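To start, the structure under review is shown below, and the notes come after it.
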Amino acid sequence: MKLNQSIAISENGFIFNPATGDSFTLNNTGMQVVSLLKSGKTIDDIKETLTAEYDVDTMILERYLQDFISDLKRNNLLLEE
Amino acid sequence: MECRKINVGITGLNNIDSPGPGMPVIRGIKESPCFDARIIGLAYDHLEPGIYMKEWVDKTYMIPYPSKGKDALFERIKEIHAREKLDLIIPNFDAELFSFIKLESQIDQLGIKTFLPTLEQFEERHKSNLPGYGKKYGVDVPKSEEAFSLNDLSNILRSFQFPVMVKGKYYDAYKAYSPEQAQAYFIKLSAKWGYPVIVQEFVDGTEVNVIALGDGKGNVISAVAMRKQYITDKGKAWGGVTISDVSMLELTHKIISQTKWRGGMELELIRTTDNKLYILEINPRIPAWVYLAVGAGQNLPEALVKLALGMEVKPYTSYEIGKMFIRYSWDMIVDIDMFSKLVTSGEL
Amino acid sequence: MEKKVFERPTITKLTPGMPSKHGSGAAIAPIRYIEGLKIDDLLEKYGSPLYIFSESVIRKNIEDLKRSFTVRYPKVQIAWSYKTNYLDAICRIFHQEGSWAEVVSGFEYDKARRNGIPGEHIIFNGPGKTEAELLKAAKEGAYIHIDHFDELFLLAKVCQANNVTARVAIRVNMDVGIYPKWDRFGFNYENGEAWDAINRIMANPQFKFMGLHTHIGTYIMTAEAYRIAASKLSELAAAVAQKFNHYIAYIDMGGGFASRNTLRGAYLSGEDTTPSFDEYADAITSAIINSQIKPDKLPAIILETGRALIDDAGSIAGTVIATKRLTDGRRALIVDVGVNLLFTSFWYDHKINPTQAHSGLVEETVIYGPLCMNIDVIRPSLMFPPLKVGEHFVISRTGAYNNTQWLQFITTRPNVILIDTNRQTHVIRNAETIDSIVSNEQIPDHLK
């Protein structure tokens, strides 16, 4: 799973998809996940990073990460490998 | 003349196809020799064009929609005031006026002036109250009734002849030629602006308007009459000309002196074929075509600023007849970074 | 190093007209405490969902209402509207503050009596009083507010047969310039029905004509309507004085004062548009004082204000059960508070806040209750922060009608607690169990 590389990310939580013209806002955790994806990290890497940083149960993290990933897909921001 | 530095908060930067009055109000203030104004835009939508017109609007902040409640609005104004030291705010939307009127004394305590109608003045001129208003002040108004449900609407329509005007509580009006059309507009308008929806007798004739400014003591500080020359499919004037019509100005004086109206107002009138003037609406704020008044010699925004700041203002007594305004649209080129900054930080 | 609190990652597509998160913070700010007690702790202790009432807010509301009227008018009596909330503990707070009871059924009447209210401090309203209820109320000296001619004749018959006298008033309906016009309760003013009823009452020696009552509607957003109602009742009172030389003891203005909830379909927030007690009081008292009634004969004003006194004293706290993405892209939250507990969600856009901090980013959300029924929608659309499963929220201003109109539907009802003025908590109604529901059921032998 890879982030569509043409996507423009500004660090304040705004992303722009040049292919579709859609703009999005993200919250801090959303931004973090997208940045990690953009830098080529895998979902497992991301899980590891977030578990280390946040007080969160692995099951819950997995649940919402999966949710978020499907939102990214729904908005054409992720490329299936 | 001494040029006074002021910071003015202004809403209504949506100069789109159904424009808000913010930009022409800003032009009036910027052109005034009495003021050196820094303009602080207060915007609801990220795409209000005025936000990006940096030569007119020095800085813009996003503010919460009126439906979020006046407390949220007040908190935001405090934040903005802490950074911009506002001298006054000119709200330009009908739908936000209620909140600003309710907040008037709180805002005043911050040291920010406004120049608004009283709550009583604001309420009694509501479209839904127009028949009572007509009776009270002895002016002609079309027959109108309020509908709170589709059932109501069909009862009301029995006493009207088609076409009828179907109007939203704050904005938007449609002409309906059948009960089915009226119903469709009712649903649309109630979803957008809440209840009631107003059903008004359709009066045929020429649409004429007056822009005016009352000082709150019964005096007319400014009044300019205009005939719409080109009306868009949204019912907005796209071109108009100042006219010399004594009866329109007399009507304006009558209303302002009787109600002691405070602030800007617009009278939407119809002159029928038998030469009677009907009041269709009394808008409790400056209309979007205000710059025509400035161009015709009455800088109404400047006068409003002076009244708000407690300065002395001499009433305008004349204006140039035959001045026209022709509206045009203009495509600005904006980088998405500006948009992104506005969206994420709430200011630009 | 302490780990950070995890907020569900969210992404929101920007669309025109979407509210900016900047400045709307106050509306969705977390509410962590009620009366200084942490909501999360209360849920932990008493279970979720949970009804929470604040005794101090109730007492303060009563005091505010009383003050608004007593500074303008000499005689004012509040009668607690039982149907708004008849949990005994709640009623008793009102009675301790001097409120009478306003009841609309034999059941409510008996509840008021059990709460120690004597008949002569009970106002008995409603269109459906039975013969037995009328007799009891007459004997105990309650104020019987007659709703229609059939009741007037029935009460006359009861009084005659049992040789008792009854203290009576009539309910009057009228046009006060508002929508909808309530004409189903009481006698009409404009068509002379009310005057006719008064004449019949005055002609019956077993009736003591005590007062005039109106209840112009519910959730009245304009104080002006009360001014019109009060002046019409005052005209009737003056006419009675002129014709019979009889001075009524009270004018009962009923209820209908709005709380600060936002009605569905309203554009502006109820917090901004609801008139204050002072505005209502000014309209009512000035209409009576300026009427033809002689100053030394001014009747008492009775107020049956229910909603505006109790709504903001009650909240419901609950928990997120699940989050979903609907096919149209909107976020859905399934929570453990359904319309069975929050009947008022059918007509209010209830204020809902999370009990924990969030980043400020909100997304369009539908909030569903837990019932397996399509009608179970708490908020069809609002901008809401991304709550996770198990996180808590609190719905404000739920104190009126929800503990009387609630439904025993699909599931049992939870605990109701009261936080007293010393911040001590008390369960005032235990969570139901299956036994509390089935105890009245009977099974025929052949099904055993």
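The chains referred to below are lettered A, B, ... by the order of the sequence lines, with proteins before strands, and numbering in each begins at 1. Small disclaimer: the values here were computed from a predicted structure and weren't measured.
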TODO: Inspect the contact between A:Asp71 and C:Arg325 and indicate whether a charged nitrogen and a carboxylate oxygen are less than 4.0 angstrom apart.
DONE: yes

Open item on the list: I need the single residue from C:Ile11, C:Thr10, C:Thr12 that forms a side-chain contact (heavy atoms from CB on, under 4.5 Å) with A:Thr25. Which is it?
Closed with: C:Thr12

Task: Short N-O contact, A:Asp57 and C:Lys388, less than 4.0 angstrom - done: no

TODO: Might you confirm whether atom CD of C:Glu432 has over 12 heavy atoms from other residues, nucleotides or ligands at distances under 6.0 Å?
DONE: yes

Open item on the list: Is there a side-chain contact between A:Asn27 and C:Pro386 in this structure, where contact means two heavy atoms from C-beta onward sitting under 4.5 Å apart?
Closed with: yes

Open item on the list: Please evaluate residues A:Tyr54 and C:Lys3 with respect to the criterion side chain to side chain contact (heavy atoms under 4.5 Å, CB included), reporting the C-alpha separation (whole Å), side-chain torsions for both, the decisive distance (0.1 Å), and the verdict.
Closed with: CA-CA 5 Å; A:Tyr54 293 98; C:Lys3 288 184 175 182; 5.6 Å; no

- [ ] Measure the spacing between CZ of C:Phe6 and CG of A:Asn28 and express it to the nearest 0.5 Å.
- [x] 11.5 Å

Open item on the list: Tell me whether the count of non-hydrogen atoms from other residues, nucleotides or ligands lying under 6.0 Å of CG in C:Asp328 goes above 12.
Closed with: yes

Open item on the list: Return the OH to OG1 distance between A:Tyr64 and C:Thr323, rounded to the nearest 0.5 Å.
Closed with: 4.5 Å

Open item on the list: Rounded at 0.5 Å granularity, tell me how far OG1 in A:Thr29 sits from CD in C:Glu7.
Closed with: 5.0 Å

- [ ] Can you measure from CZ (A:Arg74) to NZ (C:Lys13) and round to the nearest 0.5 angstrom?
- [x] 8.0 Å

Open item on the list: Counting only heavy atoms not in C:Glu44 (residues, nucleotides, ligands), do more than 12 fall under 6.0 Å from its CD?
Closed with: no

TODO: Could you tell me whether C:Lys4 and A:Glu53 have a side-chain N and a carboxylate O separated by less than 4.0 Å?
DONE: yes

Task: Contact origin within A:Asp22 toward chain C - heavy atom pairs under 4.5 Å - done: side chain

Open item on the list: As an exercise: rank A:Asn75, A:Val33, A:Asp67 by heavy-atom pairs under 4.5 Å with chain C and give me the winner.
Closed with: A:Asp67

- [ ] Please indicate whether C:Ile375 has more than 12 foreign heavy atoms, meaning atoms of other residues, nucleotides or ligands, lying under 6.0 Å from its CD1.
- [x] yes

